[in-house]
Amino acid sequence: MPIRHLYLHIPFCHRICPYCSFYKHTPGSTDQAAFLQALVTEAKLARELWGERIQLDTIYWGGGTPSMVSTEHLAKFLPEFLAALGQPTPVEWTVEMNPMTLTKSKLELFREHGVTRASLGVQSWDEATLTTLGRDHSPAQAVASYELLRSVNFPIVSLDLMFSIPGQSLETWIASLQQTIDLQPDHISCYNLTYEEDTDFFEKFSAGTYKRDEATDEAFFQETMQRLPQAGYTQYEISNYARPGVESKHNQAYWAGADYLGLGPSAVSTIDRVRTKNLPDTVGYMAQLKKQLAPTVEAEHLTENQWRCERLALELRTTRGLARHWLTEETDKLHELSSEGLVIVTPDFVSLTTKGKLVADGVIAHLWT
């Protein structure tokens, strides 16, 4: 089967956010030109390995902060990267962007080379909340970056927001939702803060300084699910809302279990149900590729049971729901969940109701155990 989706990881950040568990670091003394050349080399190695199976429909650049790569470096890297993949520009190409890193010339360069979708990490429009999150931009800078994206006619602009942040009130969250709606982005992602291991937030959570309250989470989530659809955004996955026709094709591919290729330090690939992970160390990653060696450090063949577990956890989060054939032996559990108003069961799919979305993790756990 063709490999139609690619993820590329850029690990650099100006500042390390205290809630983020993804592999990232400040640039330090890293030779960024050499790093980008390593990405080109890895793309060439992938092309040699998979050949004509690579037929990309989507590319997603995540991080880290992909948009902090300089315009000068991008001007050289973008055409080399596309040439290494050996194919036309995909239909959807997303780049995660930080409001502090955007210039008109950089955005025009992205557009010139086929980037179609900007995912702008706003997180909040409230100054105090941004300070808690350790973000390096102000609300005014986020607005200016959004307007800059619109001025260069980016086809799709998505805004990322977070809720249930320590010290954040429900009123503050509602104000952030309204300001987002007023800007009229094409897509909105709203994530409930989770306390991930190996983060400063997790340490404070473990020490009891930060606390999580399910009732508070539910109140934030309910406001989100009510206000965004009323403003014309369809909730096509628990955390994602879009104008009709601009849903993230890349993320939909993940949720559906499509094969995808990952490039960059710490990047993960899943192809033919074999999951591999790259070395989560930028210096080591570059050293491997300088020797024309793949930077893979882990490989696992997913069992049928593991694959079924992932389908349950991911597909059930979507509006379409989970394909019914994954739950052939859970008839009694489905009847129970349906009677409680948590799921809708049809001959082909099982989907969460609005009530069910509020307790999605519990529904998934109940079906799995």
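None of the values given here were measured: they were computed from a predicted structure. Along the sequence shown, residues carry numbers from 1. Computed from heavy atoms alone, side chains included, the values below leave out hydrogens, waters and symmetry copies.
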Q) Counting N and O atoms only, with roles assigned by atom type, does the side chain of Lys106 sit under 3.5 Å from a partner on the main chain of Ser70, one being a donor and the other an acceptor? A) no

Q | pair Arg275-Glu310: side-chain heavy atoms closer than 4.5 Å | A | yes

Q) When you look at CG of Asp182, are more than 12 heavy atoms from neighbouring residues, nucleotides or ligands closer to it than 6.0 Å? A) yes

**Q.** Check: Pro295 and Val297 side chains under 4.5 Å, non-hydrogen atoms
**A.** no

Q: Would you check, one step at a time, whether the test side-chain hydrogen bond (donor to acceptor under 3.5 Å, both in side chains) holds for His9 with Tyr7?
A: CA-CA 7 Å; His9 191 76; Tyr7 172 81; 2.7 Å; yes

Q: Scan for salt bridge (Lys or Arg N to Asp or Glu O under 4.0 Å) pairs involving residues 73-93, sequence neighbours excluded, and state none if there are none.
A: Lys76-Glu80

Q: Would you kindly say whether Tyr285 and Glu42 are connected by a side-chain donor-acceptor distance under 3.5 Å?
A: yes

Q.
Please check: side-chain N/O of Asp160 versus main-chain N/O of Val122, any donor-acceptor pairing under 3.5 Å?
A. no

**Q.** Residue pairs passing the ring pair (Phe, Tyr, Trp, His ring centres under 6.0 Å) test where at least one lies in residues 32-58, sequence neighbours excluded
**A.** Phe12-Phe35

(Q) Just so I know, are the side chains of Val91 and Thr116 near enough to count as touching, which here means a heavy-atom distance under 4.5 Å? (A) no

Q) What pairs meet the salt bridge (Lys or Arg N to Asp or Glu O under 4.0 Å) rule with one or both residues in residues 188-197, with sequence neighbours excluded? A) none

Q. For Val274, what are the other residues in its hydrophobic cluster, where any two members join if their side-chain heavy atoms are less than 4.5 angstrom apart?
A. none

Q: State, to 0.1 Å, how close Phe110 and Met97 come at their nearest heavy-atom pair, and which atoms those are.
A: CD1-CE, 4.0 Å

Q | Test side chain to side chain donor-acceptor pair (under 3.5 Å) applied to Thr58 and His250, Lys249, Arg117, the passing residue | A | His250

Q | Ser145 side-chain N/O to Pro99 backbone N/O, donor-acceptor pair under 3.5 Å | A | yes

Q.
Just so I know, are the side chains of Trp93 and Leu6 near enough to count as touching, which here means a heavy-atom distance under 4.5 Å?
A. no

Q.
Using modelled atom types and a 3.5 Å cut-off, is there a donor and acceptor pairing between side-chain atoms of Glu127 and backbone atoms of Ser138?
A. no

Q: Could you tell me whether Glu72 atom CD has more than 12 heavy atoms of other residues or ligands within 6.0 Å of it?
A: no

Q) Heavy-atom distance under 4.5 Å between the side chains of Leu109 and His113, does that happen here? A) yes

Q. For Thr129 and Thr132, does a side-chain donor sit closer than 3.5 Å to a side-chain acceptor?
A. no

Q.
Side chains of Ser189 and Asn240 only: does a donor on one sit below 3.5 Å from an acceptor on the other?
A. yes

Q) For atom CD of Glu214, is the number of surrounding heavy atoms from other residues, nucleotides or ligands below 6.0 Å larger than 12? A) no

Q. Any side-chain donor-acceptor pair under 3.5 Å between Asp217 and Ser164?
A. yes

**Q.** Ion pair Glu52/Arg47, N-O distance below 4.0 Å
**A.** yes

For residues 312-320, dump all side-chain donor-acceptor pairs below 3.5 Å to protein atoms at least two apart in sequence or in another chain.
unit_1 : atom_1 : unit_2 : atom_2 : d
Glu315 : OE1    : Arg320 : NH2    : 3.3
Glu315 : OE1    : Ala323 : N      : 3.2
Glu315 : OE2    : Arg311 : NE     : 3.1
Arg317 : NE     : Glu237 : OE2    : 2.7
Arg317 : NH2    : Glu237 : OE2    : 3.1
Arg317 : NH2    : Ser239 : OG     : 3.4
Thr318 : OG1    : Glu315 : O      : 2.6
Thr318 : OG1    : Gly321 : N      : 3.2
Thr319 : OG1    : Gln235 : O      : 2.6
Thr319 : OG1    : Tyr236 : O      : 3.3

Q.
Check whether Arg111 reaches the backbone of Val115 with its side chain - one donor and one acceptor, N or O, closer than 3.5 Å.
A. yes

**Q.** Any donor-acceptor N/O pair, Gln168 side chain to Ile165 backbone, under 3.5 Å
**A.** yes

Q | salt bridge (Lys or Arg N to Asp or Glu O under 4.0 Å) contacts touching residues 265-274 (sequence neighbours left out) | A | Arg53-Asp272, Arg273-Glu304

(Q) Tell me if a side-chain donor or acceptor on Asp57 pairs with a main-chain N or O of Arg4 at a distance below 3.5 Å. (A) no

Q) In terms of heavy-atom contacts, does CG of Asp213 have more than 12 from other residues, nucleotides or ligands at under 6.0 Å? A) yes

Q. Considering only heavy atoms from C-beta outward, does the side chain of Leu170 approach that of Glu223 to under 4.5 Å?
A. yes

Q: For side-chain hydrogen bond (donor to acceptor under 3.5 Å, both in side chains), just list the numbers for Arg212 and Tyr195, CA-CA rounded to whole Å, side-chain angles, deciding distance to a tenth of an Å, and then say yes or no.
A: CA-CA 9 Å; Arg212 182 177 181 183; Tyr195 293 93; over 6 Å; no

Q. What pairs meet the ring pair (Phe, Tyr, Trp, His ring centres under 6.0 Å) rule with one or both residues in residues 256-284, with sequence neighbours excluded?
A. Tyr254-Tyr260

**Q.** Ion pair Arg324/Glu329, N-O distance below 4.0 Å
**A.** no

Which donor-acceptor pairs under 3.5 Å do side chains of residues 336-346 form with protein atoms, sequence neighbours excluded?
unit_1 : atom_1 : unit_2 : atom_2 : d
Glu336 : OE1    : His366 : NE2    : 3.3
Ser339 : OG     : His335 : O      : 3.3
Ser339 : OG     : Glu336 : O      : 2.7
Thr346 : OG1    : Asp348 : N      : 3.4
Thr346 : OG1    : Phe349 : N      : 3.0
Thr346 : OG1    : Phe349 : O      : 3.1

Q: Enumerate the residue pairs fulfilling salt bridge (Lys or Arg N to Asp or Glu O under 4.0 Å) with a member in residues 277-303, sequence neighbours excluded, ordered by first and then second residue.
A: none

Q. Among pairs that include at least one residue of residues 13-27, which meet side chain to side chain donor-acceptor pair (under 3.5 Å), considering only residues two or more places apart or in two chains?
A. Tyr19-Arg135, Tyr23-Thr282, His25-Thr282

Q: Examine Leu120 and Met100 and state if one hydrophobic cluster contains both, with Ile, Leu, Val, Met, Phe, Trp and Tyr joined whenever side-chain heavy atoms are less than 4.5 Å apart.
A: no

Q. Leu367 and Trp326: side chain to side chain contact (heavy atoms under 4.5 Å, CB included), yes or no, with the steps?
A. CA-CA 10 Å; Leu367 288 170; Trp326 293 112; over 6 Å; no

Q) Once you round to the nearest 0.5 Å, how far does CZ of Arg308 lie from OG1 of Thr303? A) 11.0 Å

Q: List for me each residue that meets side chain to side chain contact (heavy atoms under 4.5 Å, CB included) alongside Ser176, sequence neighbours excluded, and say none if there are none.
A: Ser124, Trp125, Trp173

Q. Which ILVMFWY residues are connected to Val246, directly or by a chain of links, through side-chain heavy atoms under 4.5 Å apart?
A. Ile156

Q: Ignoring hydrogens and angles, tell me if any N or O in the side chain of Ser269 forms a donor-acceptor pair with the backbone of Gly262 under 3.5 Å.
A: yes

